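These notes concern the structure reproduced below.
Since we're looking at a predicted model, the values are computed, not measured.
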Amino acid sequence: MDYLSEIEGKQAHDPMFLEKMKESSSSSSSSCLCVPGPVIVGAGPSGLATAACLKEKGVPSVILERSNCIASLWQLKTYDRLRLHLPKQFCELPLMGFPTGFPTYPSKQQFVDYLEAYARKFDIKPRFNETVSQAEYDPTLGFWRVTSVGVKGKEMEYVCRWLVVATGENAEAMMPEMEGMGEFSGDIRHTSLYKSGEEFRGKRVLVVGCGNSGMEVCLDLCNHNARPSLVVRDTVHVLPQEMLGTSTFGLSMWLLRWFPLRLVDRFLLIVSWLMLGDTARFGLARPHLGPLQLKNLSGKTPVLDVGTLAKIKSGDIKNCCCCRYVRASRA
């Protein structure tokens, strides 16, 4: 292949290439590996899919993963009751569908099992426990130099023609500083550390944030007889997970084939109002922009309701709206 010949040619005939490799090896304790293909950072669904598609085209790759497993966000940082919010056909990776026996909305463990089977099928073997500390394009060589750090602090440098960053948009937990956190004697945790409402049974719990995770955590707390309150500090679109007998997401994608986005947005809001009522009455005011338009412009995803709204309507979940900062408290 052309790119393999290019690397081999540089290694064999380019004095500058060899000299810089020697300088790199002598100036640091890191080892150096020349990759005849791209380096992929992240062994989540996107990283695995990229590696599989490249392999199908005969292009080798190296995946660097800072954790000790594939799909670490799913395996290590999600709550127990989590399921795919979208039907499985919209979440499957290329070249391999979900098993036919899986439900429409696979569970967390089913999704992890699917990803592990995917990695086995395409013989994808990420290099685990390697955290990328630096990636720099070397214009002199025309290659990327990617440095990773292992668990024992050992550095490794990868030289490659292409770099694929597949670290995900939710890889890092955002924990805001709120007044009163230092004096609060109770438990304060990010949702990435939340597993089940069982440990909060009988307690008052304040959930900050009304996105899909916050809403579902509130529902899980209710189902374990905790007493959750939900802080809503912004407008939010809440849509039913399914409408007219099909998934809301699937219906939206089908309608966008035939109608403009604003018309589809209006349709979604009308059906949502008929099914859910006026969510503003319960402290969940809607944005001025439609759900799809808002997603396109800001990346903010609408909430797909899986039962939380009914708990808010019944008063099982208390809604604390229009709060920018709150002091945590418990019984």
Handout entry: N319 side, atom CG; F282 side, atom CZ - distance, nearest 0.5 Å
Key = 10.0 Å

Fill in the blank from the handout: Of all heavy-atom pairs linking Y158 and S148, the shortest is CE1-OG, 3.5 Å

Exercise for the section: Go through the structure and list residues passing side chain to side chain contact (heavy atoms under 4.5 Å, CB included) with T50, not counting sequence neighbours. Expected result: I40, L54, V164

Practice task
Please check if the side chain of D265 supplies one atom and the backbone of Q293 the other of a donor-acceptor pair under 3.5 Å.
Solution key: yes

Practice task
First locate atom CG of L255, then atom CG of L268, and finally report the distance between them rounded to the nearest 0.5 Å.
Solution key: 7.0 Å

Exercise for the section: Taking D305 for its side chain and T308 for its backbone only, find out whether a donor-acceptor pair lies under 3.5 Å. Expected result: yes

Problem - Contact summary for G44 and E65, nearest pair of heavy atoms - result: N-OE1, 4.5 Å

Problem - Reported OG1-to-CD distance for the pair T147 and E136, which is rounded to 0.5 angstrom - result: 8.5 Å

Problem - ILVMFWY cluster, V217 and L219 together (side-chain gap under 4.5 Å) - result: no

Practice task
Might you work through the side chain to side chain contact (heavy atoms under 4.5 Å, CB included) test for N129 and S67, ending with a clear yes or no?
Solution key: CA-CA 5 Å; N129 299 309; S67 188; 5.8 Å; no

Handout entry: Residues E216 and R81 bridged, charged N to O under 4.0 Å
Key = yes

Exercise for the section: Answer yes or no: is there a side-chain heavy-atom contact under 4.5 Å between L284 and T235? Expected result: no

Problem - ILVMFWY network linking M175 to F184, side-chain heavy atoms under 4.5 angstrom - result: yes

Problem - Minimum side-chain heavy-atom gap V207-V231 below 4.5 Å - result: no

Completion exercise
Smallest heavy-atom separation, V232 atom then C210 atom, equals CG1-SG, 3.7 Å

Exercise for the section: Using modelled atom types only, decide if a donor and an acceptor are shared between the side chain of H224 and the backbone of A226 within a distance under 3.5 Å. Expected result: no

Practice task
Describe, in one word, how the ring planes of Y79 and Y194 are oriented to each other, choosing from parallel (under 30°), tilted (30 to 60°) and perpendicular (over 60°).
Solution key: perpendicular

Exercise for the section: Drop me the distance from R204's CZ to L206's CG, to the nearest 0.5 angstrom. Expected result: 9.5 Å

Exercise for the section: Mind checking salt bridge (charged side-chain N to carboxylate O under 4.0 Å, His left out) for K300 and listing every partner two or more places apart, or none if nothing turns up? Expected result: D234

Exercise for the section: Check the hydrophobic clustering (I, L, V, M, F, W, Y; side-chain heavy atoms under 4.5 Å; chains of links allowed) and say if L263 and L244 are grouped together. Expected result: yes

Handout entry: Validation row: F98, P106 side chains within 4.5 angstrom (heavy atoms)
Key = yes

Problem - Under 3.5 Å: donor-acceptor pair, side chain of N212, backbone of P302 - result: yes

Problem - Member of L276, L251, L274 meeting the side chain to side chain contact (heavy atoms under 4.5 Å, CB included) criterion with M243 - result: L251

Problem - Test log, rule side chain to side chain contact (heavy atoms under 4.5 Å, CB included), inputs V39 and W144 - result: CA-CA 9 Å; V39 166; W144 284 90; over 6 Å; no

Practice task
Please identify each residue that fulfils side chain to side chain contact (heavy atoms under 4.5 Å, CB included) with N225, with sequence neighbours left out.
Solution key: R201

Handout entry: With sequence neighbours excluded, residues passing side chain to side chain contact (heavy atoms under 4.5 Å, CB included) with K195
Key = D80, K108

Exercise for the section: To the nearest 0.5 Å, tell me how far D220 CG sits from S196 OG. Expected result: 5.0 Å

Exercise for the section: Indicate yes or no for a side-chain donor-acceptor contact from R286 to the backbone of V236 under 3.5 Å, with no hydrogens or angles considered. Expected result: no

Problem - Proximity of F90 and F249 rings by center, below 6.0 Å - result: yes

Handout entry: Residue pair V132 / V165, side-chain heavy-atom distance below 4.5 Å
Key = no

Completion exercise
Nearest heavy-atom contact between G202 and R227 is O-NH2, 3.2 Å

Problem - Donor-acceptor pair, side chain of S72 and main chain of C69, under 3.5 angstrom - result: no

Handout entry: Whether K125 side chain and A119 backbone form a donor-acceptor pair below 3.5 Å
Key = no

Exercise for the section: Verify whether one side chain among Q110 and Y105 offers a donor that lies under 3.5 Å from an acceptor in the other. Expected result: no

Practice task
List the steps and the verdict of side chain to side chain contact (heavy atoms under 4.5 Å, CB included) for L86 and Q241.
Solution key: CA-CA 8 Å; L86 305 181; Q241 188 177 37; over 6 Å; no

Exercise for the section: Could you tell me whether a side-chain N or O of Y118 sits under 3.5 Å from a main-chain N or O of P94, the two making a donor and an acceptor? Expected result: yes

Exercise for the section: Indicate, with yes or no, if L304 and V271 share a hydrophobic cluster defined by side-chain heavy-atom contacts under 4.5 Å among Ile, Leu, Val, Met, Phe, Trp and Tyr. Expected result: yes

Problem - Pairing of R66 and E130 as salt bridge, 4.0 angstrom limit - result: no

Handout entry: Contact check, side chains of L33 and M156, non-hydrogen atoms, under 4.5 Å
Key = yes

Problem - Sidechain N-carboxylate O distance under 4.0 Å for R189, E199 - result: yes

Handout entry: Point-to-point distance, once rounded to the nearest 0.5 Å, from CD1 of I70 to CD1 of I124
Key = 8.5 Å

Handout entry: Smallest separation among heavy atoms of S272 and L239, with atom names
Key = OG-CD2, 3.2 Å

Exercise for the section: Using the side chain to side chain donor-acceptor pair (under 3.5 Å) rule, collect all pairs that involve residues 247-264, keeping only residues at least two apart or in two chains. Expected result: none

Exercise for the section: Kindly determine whether T301 and K295 satisfy side chain to side chain contact (heavy atoms under 4.5 Å, CB included), including the steps that lead there. Expected result: CA-CA 6 Å; T301 304; K295 172 66 175 176; 3.1 Å; yes

Practice task
May I ask whether F267 and W273 are part of the same hydrophobic cluster, defined by side-chain heavy atoms of I, L, V, M, F, W, Y residues being less than 4.5 angstrom apart, directly or through others?
Solution key: no

Problem - Whether K55 side chain and F122 backbone form a donor-acceptor pair below 3.5 Å - result: yes

Fill in the blank from the handout: In short, G209 meets L230 closest at the heavy-atom pair O-CD1, 3.3 Å

Exercise for the section: Could you list the residues that satisfy side chain to side chain contact (heavy atoms under 4.5 Å, CB included) with A71, not counting sequence neighbours? Expected result: W74, L115

